[in-house]
Amino acid sequence: KFQGPVEGPIGAYLKISPGKEQFKGIIETALGNGVLDRFIVCTDADRGLLNDLRRRVGCGQACGVFQTKQHARFNVPPPPVGGIETVASALTIENDLVFNCLVDQVKIEKIGLGMSKQDSQAKLLTKDGNGRAIIRGGKIGQVYFLPRGDLWSVRAGQISVISNDRKPKGVLSMDMREAIAAAKRELEQCGVDLDKAKDLEGNRDVEHTKFFQQWNHANRARKANDNKIKKIMEQINQIKTEIENAAPATSIDTSVQEEEVQQFEEDVVKLGQDYDAAVIKLEEMKPQVAELRTQLDEIEIRNTRVLQDLNEAEGEMTQYLETQSQQKDLLDKKREKVEKMRGKLEVAQQMVDEASQEEVALLDQARRLQHALRLLKDRPDTSASINLDEAIVEPTQAELDSINPVRLDKGTSYYEPKLRKAKEKIKEEQERHNVFDETKEEALAAYQEAREELDSKLEKVDQLEEKKTALEKDLKLRRKRWRQFRSFLEDATTVKFAEMLEMNKYRGDLDFHHDDGTLDLKVSKGNSAETQTKDVKALSGGERSYTTMCLLLAMGETLETPFRILDEFDVFLDPQVRKLTIQSLIHVAKRMEHRQFIFITPQDLSGIKKDSTVKVFKLTKKMSDISSQAGGPSQQTINFSQHE
């Protein structure tokens with residue numbers, strides 16, 4: 001059984017976070033080849049057991065193994081700026097062991113992801129105090145950008161870009177659990193809204209039917225009133241015609257008809273008022289009907305959209321079920337393979353049992369040999385002759401159980417060739433020494449003599465090892481002190497160099513690179529960092545000469561050379577700097593009286609104050625005089641016995 005948790009492959013635990021799907025391909029490139037196929041263990045025993053199980057089941061695929069410690073989930077920093085992601089922020093990793101392992105082994109919190117090279121560099125690149133390019137925040141080490149997964153990084157202030165031609169395998173998948181849950185919640189809400197819409201639509205249909213019935217009833221009443229008014233008007237006209245046609249002498253009592261006419265007129269007026277009221281009410285109901293129709297259209301549009309979403313969700317669900325079916329088929333195949341492996345494992349177990357029985361027999365034999373060897377070593381008198389048959393006593397079971405022969409990790413296939421070679425070597429030595437007829441006592445005596453000689457040699461080897469250890473310890477101490485001394489000389493030279501430059505209101509620094517044996521100078525005029533330069537060629541001739549002189553004097557402070565010679569050091573110096581330089585040289589020379597300084601210059605030295613330690617020597621003749629006398633240039637020497 002495993003002692004701790006074992007997880008893998010790593011790719012099964014990684015999901016792309018929602019809203020960051022565009023980085024899916026370059027995340028696989030950023031993680032590196034083979035990382036997604038690896039397993040994670042926490043102990044050496046689990047690592048060995050996992051590799052053993054893979055060998056037993058015949059797994060020939062090269063799956064790597066990460067070994068890490070189990071602890072609380074790391075708290076990684078967020079991306080330094082907006083618009084830039086890291087592999088850690090773009091992935092959803094719920095398993096703490098997998099997350100911590102990727103932070104330890106791959107540094108996913110230090111791998112940046114950008115939309116493009118220009119966009120990522122514009123957001124991340126900045127400059128330090130020396131004007132060198134750096135990545136903002138100091139946490140991102142390299143940045144992968146779309147569309148192919150190329151990367152750029154900053155090394156020693158230089159930007160490097162590496163293209164990517166490897167296509168991603170498409171192992172990573174999207175984290176659709178939240179989207180599916182949201183779709184289910186939206187589907188449930190759409191169902192609730194649909195039920196409410198259907199109820200509202202039913203209520204609107206009832207009201208619409210009711211209002212339509214009222215409108216039809218009012219319309220029929222209006223038509224009936226119109227017909228009734230028309231008939232009454234016809235009767236009135238007919239009565240008027242009859243009255244006009246009647247004889248004048250005839251007196252007819254028309255009061256009853258007049259009352260009916262008046263009643264009919266009142267009815268007509270009342271019907272007109274009812275008609276007008278019905279028309280007004282109908283006009284008032286039209287906006288409500290129009291509003292109801294608008295709401296009904298909105299509900300139909302929303303129902304159509306909900307139906308489309310349901311169809312899309314159903315398609316996604318169908319795809320998910322198909323994927324689950326494929327995974328189930330794959331799982332069935334794996335189970336069949338596991339059953340076959342179990343059969344092979346049972347056969348292997350039988351072989352192991354047989355080997356265990358054989359191991360027990362060999363272990364008993366080894367314990368007996370170990371017991372016999374121990375008896376031979378424990379004999380007090382090794383010089384006397386020994387009868388092996390009498391010396392070796394049959395051991396008890398308790399003595400055998402107390403003996404634990406050394407167990408070796410390598411199998412018999414490793415030791416069988418060695419045993420065969422050893423037997424051949426024994427036979428060869430027996431033939432060479434002609435010891436076929438040698439008795440056991442003679443062989444034991446020769447063995448004891450060789451054993452004593454071997455012990456003596458081993459004792460000398462131990463003494464040599466002790467001396468070697470002491471010498472190595474002393475060598476490490478000497479190297480440590482040498483490095484400390486070298487660091488002290490480096491600091492002293494740098495401080496002296498800065499002091500010499502400060503005399504001319506310059507500023508400077510020295511960078512010693514001991515690995516490649518180089519030295520960098522930084523020189524600036526005044527206190528401005530903008531005038532600082534690392535290229536000595538950018539200085540003028542006088543500035544370069546003065547800087548070189550300061551460097552030589554600073555290095556001379558820590559050197560033990562008895563003589564210091566500077567030749568034509570002030571040729572390119574202006575008068576003011578030349579005067580300051582000569583004064584500095586004389587000041588340094590006076591402080592170091594145990595060394596000899598010689599300064600050679602073609603310039604005038606009349607302004608120098610002479611004393612017991614400062615001497616000025618001049619050529620007795622000019623070079624032009626010597627050339628005219630001898631017919632050409634000639635070598636001339638200085639007479640040190642004569643000086644000013």
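Quick note: residue numbers are just sequence positions, from 1.
The stretch residues 64-84 participates, sequence neighbours left out, in these salt bridge (Lys or Arg N to Asp or Glu O under 4.0 Å) pairs: R73-D96.
N51 places a side-chain N or O within 3.5 Å of a backbone atom of R47 that can act as its donor or acceptor partner. The main-chain N or O of R483 is never found under 3.5 Å from a side-chain atom of S487 such that the two would form a donor-acceptor pair. Side-chain atoms of N130 do not come within 3.5 Å of backbone N or O of R132 as any donor-acceptor pair. A donor-acceptor contact shorter than 3.5 Å links the side chain of E21 to the backbone of G19.
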- Message: Assess the residue pair V192 and E188 against the criterion (side chain to side chain contact (heavy atoms under 4.5 Å, CB included)); give the C-alpha distance rounded to whole Å, side-chain angles, the decisive distance to 0.1 Å, and a yes or no.
- Response: CA-CA 6 Å; V192 174; E188 294 176 357; 5.6 Å; no
- Query: Where do D119 and K123 land on the salt bridge (Lys or Arg N to Asp or Glu O under 4.0 Å) test, with the steps shown first?
  - Reply: CA-CA 6 Å; D119 179 71; K123 293 178 179 178; 3.4 Å; yes
- Item | Residues Y546, L501; criterion side chain to side chain contact (heavy atoms under 4.5 Å, CB included); working and verdict | CA-CA 8 Å; Y546 181 74; L501 290 177; 4.0 Å; yes
- Task: Show your reasoning for whether salt bridge (Lys or Arg N to Asp or Glu O under 4.0 Å) applies to D474 and R478.
- Result: CA-CA 6 Å; D474 182 66; R478 287 174 177 268; 2.8 Å; yes
- Query: After noting the C-alpha distance and the side-chain angles of D511 and K522, does the key distance pass the salt bridge (Lys or Arg N to Asp or Glu O under 4.0 Å) rule?
  - Reply: CA-CA 8 Å; D511 287 338; K522 297 180 182 178; 3.3 Å; yes
- Message: Apply side chain to side chain contact (heavy atoms under 4.5 Å, CB included) to residues F497 and T547 and explain how you reach the verdict.
- Response: CA-CA 9 Å; F497 179 69; T547 302; 4.0 Å; yes
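Here E339 pairs with R342 in a salt bridge; the nearest charged N to carboxylate O distance falls below 4.0 Å. Using a 4.0 Å cut-off between a side-chain N of Lys or Arg and a carboxylate O of Asp or Glu, D193 and R302 qualify as a salt bridge. Taking the charged nitrogens against the carboxylate oxygens, K20 and E85 do have a contact shorter than 4.0 Å, which makes a salt bridge. Ion pairing between R56 and D52 holds under the 4.0 Å rule for side-chain N and carboxylate O.
With a 6.0 Å cutoff to the six-membered ring centre and a 45° limit on the axis angle, R486 counts as a cation-pi contact of W482.
Side-chain contact between D44 and Q67: present, with at least one pair of heavy atoms (C-beta onward) separated by less than 4.5 Å. No side-chain heavy atom of K418 sits under 4.5 Å from any side-chain heavy atom of K421. Between R148 and F145, every side-chain heavy-atom pair lies at or beyond the 4.5 Å cut-off. Side-chain atoms of C42 and L97, non-hydrogen and from C-beta on, do get closer than 4.5 Å to each other. At a threshold of 4.5 Å between non-hydrogen side-chain atoms, the residues L510 and D520 do not count as touching. Looking at heavy atoms from C-beta onward, K139 lies out of side-chain contact with P80 at the 4.5 angstrom threshold. Put simply, the side chain of V143 does not reach to within 4.5 Å of the side chain of I111, judged on heavy atoms. Side-chain contact between M555 and L551 is present, with at least one heavy-atom pair separated by less than 4.5 Å.
A donor-acceptor contact under 3.5 angstrom links the side chains of E7 and Y13, judged on distance only. Judged purely by distance below 3.5 Å, without hydrogens or angles, the side chains of T43 and D46 pair a donor atom with an acceptor atom. A donor-acceptor contact under 3.5 angstrom links the side chains of T86 and S89, judged on distance only.
Using a 30° and 60° split on the angle between ring planes, F512 and H514 fall in the parallel class, below 30°.
Other residues, nucleotides and ligands place more than 12 heavy atoms under 6.0 Å from the CG atom of D516.
For K110, the salt bridge (Lys or Arg N to Asp or Glu O under 4.0 Å) criterion is met by no residue, not counting sequence neighbours.
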